[in-house]
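Letters go in sequence order (proteins before strands), and every chain restarts at 1. Computed from a predicted structure; not experimentally measured.
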There are 2 protein chains.
Amino acid sequence: MASSPSPKPSFAPIKTRRAFEVICEQIREQLAAGTLKAGDKLPAERELAVEFQVSRSALREALRSLEVAGIIRNVKGAKGGAFVQTAEPDRIVQAMQDYVHLGDISLGELTEARLALQDIIVRLACARATETDLAELEAIAERTKRESSVEARYACAVEYYAVLARATKNRIFGIFVDSLSTILHEFVRGPDYETLQQSLIESRFKLVRHLRAKDEEAAVAEMRKHLERVHRHVRKNSKAAAKG
Amino acid sequence: MASSPSPKPSFAPIKTRRAFEVICEQIREQLAAGTLKAGDKLPAERELAVEFQVSRSALREALRSLEVAGIIRNVKGAKGGAFVQTAEPDRIVQAMQDYVHLGDISLGELTEARLALQDIIVRLACARATETDLAELEAIAERTKRESSVEARYACAVEYYAVLARATKNRIFGIFVDSLSTILHEFVRGPDYETLQQSLIESRFKLVRHLRAKDEEAAVAEMRKHLERVHRHVRKNSKAAAKG
DNA sequence: CACTCTTTAATGGTCAGACCATTATGAAAA
DNA sequence: TTTTCATAATGGTCTGACCATTAAAGAGTG
């Protein structure tokens, strides 16, 4: 096969790229370049198909990919179409969740990462949290007390962590924390979770007090104690689930 | 509109869910439940379409979504089909990249997050790195010296960070670092980058020496110094790009 | 038998054209 | 003016077809 007598021993490394991939790439390029930005509306599918010179189905697969990636949102009806979305970290969370499901990331890795991450967050929040942030944290803790269902209280907890992360004024941390919270949520189950949950509320108030006093070390210690209790519960439950 | 005289003021909150969404969900469920796992092969598209009682196009949009999410891989040809993938963090990196492009995450946030993250990583690596890890780090640093192109040396740097993250024995950190490295790569440009790059190599050797000596504080300090130099360059370049 | 070439069938990728459900808009009617 | 209804635009889905690639079975050859 390679014994060609022609003076050209090497051929062009052709590669078949699928139509939808090329379309996605072009749209992503315009996004990175700033030609397309949040709020913009892409032409209708039928129009775009003509423009890209592909069938509507190929184009739709591209749009579907972008939608799943959280880049656009498809709205039906007159004046509908594909709208470029504002940034939402949901897709990152989803991607991390998929990764954990597919792979063999252990619970230990998740909890360790969360612990380390919260250390940073508490330290930064201690330095940067405004009184508004702190008041919001307290309000959430208060609301948690009044909530009646386990799920509602868990939602409050997630919100508490999110607001705390926001207090760092760095959204990257917010994404990381959201991801880990969501993934670990799957493991937080069991009959004794409710009593644990109740006892955690007080800890949240304490943390705010430490933050307000700018006592970094005390705040970090409180968060570690808090998370370690949660993680002990999670581990215990996970083992129980593995048995049953 | 709400003035219905019927004794049933509230109706069931119906919502039209698209076919491909339901399909994706079902497959994801089987994944979380363990019924489907890496390496498994899904039935052919035409078969699956019959099974789900949808058209092939709807089914294809679902498969396309899952492929873009990195969950399956579509192989064409006889004995081809959709194969469940092993976990790859690429999609998380892609999602974070999209997020940064769409949103207005600042360079400052990225570099700050990276700095904080590397602190943790260095500390953990200091405690857990095996001699194999350290030798690999040195080998990469050696190779960096010999590489001739800027791009090749950058690739070495990324690899160095990845191996360092792996030395923590916690893959979550690896993902975070990969994401940040990839995103920051876009900003690392400019004529004086090459000279900076050269001068960074020595720092990598120093870090390994500190790690081997289990000198956590020295290692952290070296990494901070290292990264701060890089980030100064990145910031300068970013400003230059904004001007031009 | 061993090896090479050809054929065949399975499968994903693409295309074309159609119909349905939803939605905004404007015209018609009250 | 307000309500109702027809209309057109648009995404979601369906059907059926053809192409390109690939692995495996079969045919031919030494």
Side-chain angles (χ1 to χ4, degrees), chain A residues 1-4 11-27 36 38-85, chain B residues 1-5 11-27 36 39-85:
Chain A
M1 284 212 224
S3 63
S4 152
F11 294 93
I14 70 134
K15 61 174 168 179
T16 50
R17 304 187 52 235
R18 295 172 289 181
F20 86 93
E21 284 178 315
V22 180
I23 298 172
C24 280
E25 197 176 295
Q26 287 199 28
I27 293 179
L36 272 180
D40 289 358
K41 178 179 176 302
L42 270 57
E45 289 183 356
R46 292 162 176 88
E47 272 180 67
L48 271 180
V50 172
E51 198 166 331
F52 280 111
Q53 297 190 32
V54 295
S55 74
R56 200 181 149 207
S57 26
L59 183 100
R60 275 180 64 79
E61 291 194 16
L63 291 186
R64 183 67 62 233
S65 302
L66 294 174
E67 186 195 316
V68 167
I71 293 178
I72 62 172
R73 184 167 140 256
N74 291 312
V75 176
K76 81 186 310 193
K79 298 291 173 189
F83 294 86
V84 179
Q85 286 291 92
Chain B
M1 286 214 220
S3 63
S4 151
F11 293 94
I14 69 135
K15 62 173 168 180
T16 49
R17 304 189 50 236
R18 295 172 290 182
F20 85 94
E21 283 178 315
V22 181
I23 298 172
C24 280
E25 197 176 295
Q26 286 198 28
I27 293 178
L36 272 180
D40 289 358
K41 178 180 175 304
L42 271 56
E45 290 183 354
R46 292 163 175 86
E47 272 180 68
L48 270 180
V50 172
E51 198 167 330
F52 280 112
Q53 297 190 33
V54 294
S55 73
R56 201 181 149 209
S57 30
L59 183 100
R60 275 180 64 78
E61 291 194 17
L63 291 186
R64 183 67 62 235
S65 302
L66 294 174
E67 186 196 315
V68 167
I71 292 178
I72 62 172
R73 185 168 138 256
N74 292 311
V75 177
K76 81 189 307 195
K79 296 293 171 186
F83 294 86
V84 179
Q85 286 291 91

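- Here C:dA16 presents its C1' atom at 16 Å from CD of A:Q53, a figure rounded to the nearest Å.
- Distances from the side chain of B:S55 to the nucleotides C:dA9, D:dC14, D:dG12 place D:dC14 closest.
- Note: CD (A:E47) to C1' (D:dG11) measures 14 Å, nearest angstrom.
- In this structure, A:R56 does not reach the D:dT10 phosphate: none of its side-chain N or O atoms is under 4.0 Å from OP1 or OP2.
- Closest to the side chain of A:A78, from the set C:dT23, D:dG12, D:dC14, is C:dT23.
- Per the geometry, CG belonging to A:L63 stands 14 Å off P belonging to D:dT10, to the nearest Å.
- The separation between B:E45 atom CD and C:dC15 atom P is 15 Å, rounded to whole Å.
- One can place CD1 of A:I23 at 14 Å from P of C:dG13, the figure rounded to the nearest angstrom.
- The local environment of NZ in B:K79 is sparse, with at most 12 non-hydrogen atoms from other residues, nucleotides or ligands closer than 6.0 Å.
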**Message:** Checking A:L36 against A:L42 for the side chain to side chain contact (heavy atoms under 4.5 Å, CB included) test, could you report, in this order, the C-alpha distance in whole Å, the side-chain angles of both residues, the deciding distance, and whether it holds?
**Reply:** CA-CA 9 Å; A:L36 272 180; A:L42 270 57; 4.1 Å; yes

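- Summary of the strand contacts: A:K76 and A:V54 both lie near DNA chain C, and taking for each the nucleotide with the nearest heavy atom, the more 5' one is attributed to A:V54.
- Going from atom CZ of A:F20 over to atom C1' of C:dG12 covers 11 Å, rounded to whole Å.
- Where A:G77 and A:E61 meet DNA chain C, the nucleotide closest to each residue was compared, and A:E61 sits on the side nearer the 5' end.
- OP1 and OP2 of C:dT11 both lie 4.0 Å or more from every side-chain N or O belonging to B:R46.
- To the nearest angstrom, C1' of C:dA10 lies 9 Å from NZ of B:K41.
- Distances from the side chain of B:R60 to the nucleotides D:dG11, C:dG12, C:dA24 place C:dG12 closest.
- Note: CG (A:L59) to P (C:dC15) measures 10 Å, nearest angstrom.
- The residues B:E67 and B:R64 are annotated as salt-bridged, a charged nitrogen and a carboxylate oxygen being separated by less than 4.0 angstrom.
- Listed nucleotides: D:dT22, C:dG12, C:dC15. Nearest to the side chain of B:A44: C:dG12.
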**Request:** Take B:V54 and B:V22 through the side chain to side chain contact (heavy atoms under 4.5 Å, CB included) test and state the conclusion after the steps.
**Result:** CA-CA 11 Å; B:V54 294; B:V22 181; over 6 Å; no

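- The pair A:E25-A:R17 meets the salt-bridge criterion, with a side-chain N (NZ, NE, NH1 or NH2) lying under 4.0 Å from an Asp/Glu carboxylate O.
- Checking D:dC14, C:dC15, D:dA20 against the side-chain heavy atoms of A:S57 singles out C:dC15 as nearest.
- Here B:R64 lies in heavy-atom contact (under 4.0 Å) with sugar-phosphate atoms only.
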